[in-house]
There are 2 protein chains.
Amino acid sequence: MVKITDVARHAGVSPSTVSYALSGKRPISQETRQRVEASIRELGYRPHAGARALASSRSNVLALVIPLRTGIHVPVVMQFAMSVATTARRHDHDVLLLTQEEGEEGLRRVVDSALVDAMIVMDVQLDDPRLPLLRSLDRPSVLIGFPAEADGLTCIDLDFKAAGELCVERLAGLGHRVVALVGSPPEVYVRRTAFAQRVVQGFTAAAHRNGLISCVHPCEPAPAAAAAVAEQLLREQPALTGVVVHNEPLLEPLVDAFEQLGLRVPGDLSVTAICPDELAESVRVPVTSVALPAAELGSRSVELLMKKLGGKTVPGATLLAPRLTERASTAPRNAP
Amino acid sequence: MVKITDVARHAGVSPSTVSYALSGKRPISQETRQRVEASIRELGYRPHAGARALASSRSNVLALVIPLRTGIHVPVVMQFAMSVATTARRHDHDVLLLTQEEGEEGLRRVVDSALVDAMIVMDVQLDDPRLPLLRSLDRPSVLIGFPAEADGLTCIDLDFKAAGELCVERLAGLGHRVVALVGSPPEVYVRRTAFAQRVVQGFTAAAHRNGLISCVHPCEPAPAAAAAVAEQLLREQPALTGVVVHNEPLLEPLVDAFEQLGLRVPGDLSVTAICPDELAESVRVPVTSVALPAAELGSRSVELLMKKLGGKTVPGATLLAPRLTERASTAPRNAP
DNA sequence: GTGAAAGCGCTAACAA
DNA sequence: TTGTTAGCGCTTTCAC
């Protein structure tokens, strides 16, 4: 194994100079730096991660806590993880995979053993049991999602309120006057996460602002429920021409259900959704949607963490602006 | 931070005794061990990972190289990764996430810097560029999939040949006499991975053994191709009553296509597939299938790696026996 | 701008 | 069965 003393000898400098040349923590003359760099390359030197961590109390590793719960859209998690890994590498860090299952104990373990410098926690719940721990730990963390009480924490997520608004604005802009939100399952609104309520707020506010008639239907995520919801919606609001879907498993069956009730999408009914792009694209009638920006969430999380590790302060809350992609499921309202 | 000397003082023993009590690498008297354990608990001691790695040249971290390529079924990768992480923890190891993108350089980096002790490489190609490196590295690795030349490597995968056979045996057992394999896209057979060919071998051998009439159709993965294939199959083999599908994106559209050609599944046509269970279950007519045992592959990989790290020798090739799950898409052949 | 040297916290000889 | 101690390879004061 090549070590720093080997490089130092080869370059005719002291080990500390090699170290400083690598870290840039003190000025090195142009000439010395080049000799050192040449020696490093020539000898194929790679600093020993453990030794470095021991001496510097920095491991250059981030923990990423990944959810296992059902109801999570797997490709989104994957995309997020990949983005975190890629971005971390750009900042000279690696990523340690932690399962949700390991819980608070797992977080404490990797922090106390100095395995990681910081952590990213996905799938944060309203009353997440890990919150007190994360607050008390002396290592920085970033949460994906917003708990009920976010004081002293750094959180990031899609701006779901703005996403709900954006969907409605788009429908209103196309001339639709009666719109409905098919939302997440009822239990989501009660416990767990806040994003579902935020969508409702945005949807309702924007409908109001635009003078639309609107209604909200929380809905079980079972595809079987789709036909019932579609039928109920049309019964209650025969003039309905715009629908916002915030319920992944329901999207495809719902579009089918409307068509089977004799409504063309987008001819008679325009549909927008808040869901992963790939889902929106995979429906038979590709759906105009606000994307869940998994990759951006990933890279932004890492960047927040890097700032915190660098001693900078960062905003406690970061909301990503929604981005709507036009697809085949929306059209101007038919002339009456 | 609590360190080993703190624990030693508190327990009235030497640091080495604490270390040995933790590692079990030399006998400790019952009484001493209990005092040490009590002190550890009381002080909340956690060994410093870096210090440990430095002194023992073992990081207790495994690298997991995850593919990014399209055409990979994401939930399977995720399931595999989770299984690796969970199993690794049972062996007191952690998992470092590496993207395919990092390539050989990434593998070399984490090994040379002693960040990881061993690695698991997913999505291995027939002529994978990483093979020479993996062979030359002095750290053990396990590959998921079989390259063309596996000498000196440890590989594990589903036994795709047996999977092909199993599907045919099942159809034959139900009385079907004319069967077809709808396989992976042509290019898969040419380059990349070996599993597609293995399925064909198993399929053909079993058909032969059972005296069945059989044919093989490699097929583009585009759903649009489904109708064409279905139509062609029925034209060439009007007596066809059994189909094996080894092509994830085609499964659902193919079943649809057959039904639109007037064939009931399983009334007129029995369908089996080799694909992730969740895909098989999600089709309108749930499909009898041989599962891709992602979780088992994950845990078995880790166990192989642990054996290798322990100095034991392991088989170069491990083939997991296929497991067929009966679902709604298969039935006895209609009386003629 | 550079060097010398004292640790970082742990493991594993070696010694008893 | 237990203790003493010399490193593991690096970073970072302190000194020049």
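Here is the naming used below: chain letters follow the sequence lines, and residue numbers restart at 1 for every chain.
The distance between atom CD1 of B:I28 and atom P of D:dT2, rounded to the nearest whole Å, is 6 Å. The NE2-P distance, from A:H48 to D:dT11, rounds to 12 Å in whole Å. Here the C1' atom of nucleotide D:dT4 and the CD1 atom of B:I4 are 14 Å apart, to the nearest Å. Atom OH in A:Y45 sits about 10 Å away from atom P in D:dG9, given to the nearest Å. In this structure, CD of A:Q34 is placed 14 Å from P of C:dG1, rounded to the nearest angstrom. Whole-Å rounding puts the A:K3 NZ to D:dG7 P distance at 11 Å. Rounded to whole angstrom, the span from the CZ atom of B:R58 across to the P atom of D:dG9 amounts to 16 Å. For the pair A:L54 CG and C:dC8 C1', the computed distance is 4 Å after rounding to whole Å.
Judged purely by atom type and a 3.5 angstrom limit, A:R135 uses its side chain to pair as donor or acceptor with the backbone of A:D151. Between the side chain of B:S19 and the main chain of B:P15, no donor-acceptor pair closer than 3.5 Å is present. A donor-acceptor pair is defined here as one N or O able to donate and one able to accept, closer than 3.5 Å; no such pair exists between the side chain of B:D128 and the backbone of B:P147.
A close approach under 4.0 Å does occur between a side-chain nitrogen or oxygen of B:T32 and OP1 or OP2 of D:dT2. Contact annotation: B:S29 side-chain N/O to D:dT2 OP1/OP2 distance is under 4.0 Å.
Residues A:L133 and A:E104 approach most closely at CD2-O, 3.4 Å, considering heavy atoms. Nearest heavy atom pair, residue A:I156 against residue A:S301, reads CG2-OG, 3.9 Å. Here the shortest heavy-atom pairing between B:S59 and B:A53 reads CA-CB, 4.0 Å. The minimum heavy-atom distance between A:P140 and A:D117, with the atom names listed, is CD-O, 3.5 Å. Listed here is the closest heavy atom pair of A:L115 and B:A49: CG-CB, 3.9 Å.
Other residues, nucleotides and ligands contribute only 12 or fewer heavy atoms inside 6.0 Å of the CZ atom of B:R108. Other residues, nucleotides and ligands contribute over 12 non-hydrogen atoms within 6.0 Å of the NZ atom of B:K308.
In the helix from C:dG1-D:dC16 to C:dA16-D:dT1, the terminal helix axes, each the rotation mapping four pairs' C1' atoms onto the next four within five end pairs, subtend 30°, rounded to 10°.
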Polar atom pairs between nucleotides 12-16 of chain D and protein, under 3.5 Å, N or O only, would you list them?
unit_1: D:dT12; atom_1: OP2; unit_2: A:K25; atom_2: NZ; d: 3.2

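For residues 109-119 of chain A, proximity to DNA chain D is found at no residue, defined as any non-hydrogen atom under 4.0 angstrom from a strand atom.
Residue B:H10 holds its NE2 atom at 4.5 Å from CG of B:L43, rounded to the nearest 0.5 Å.
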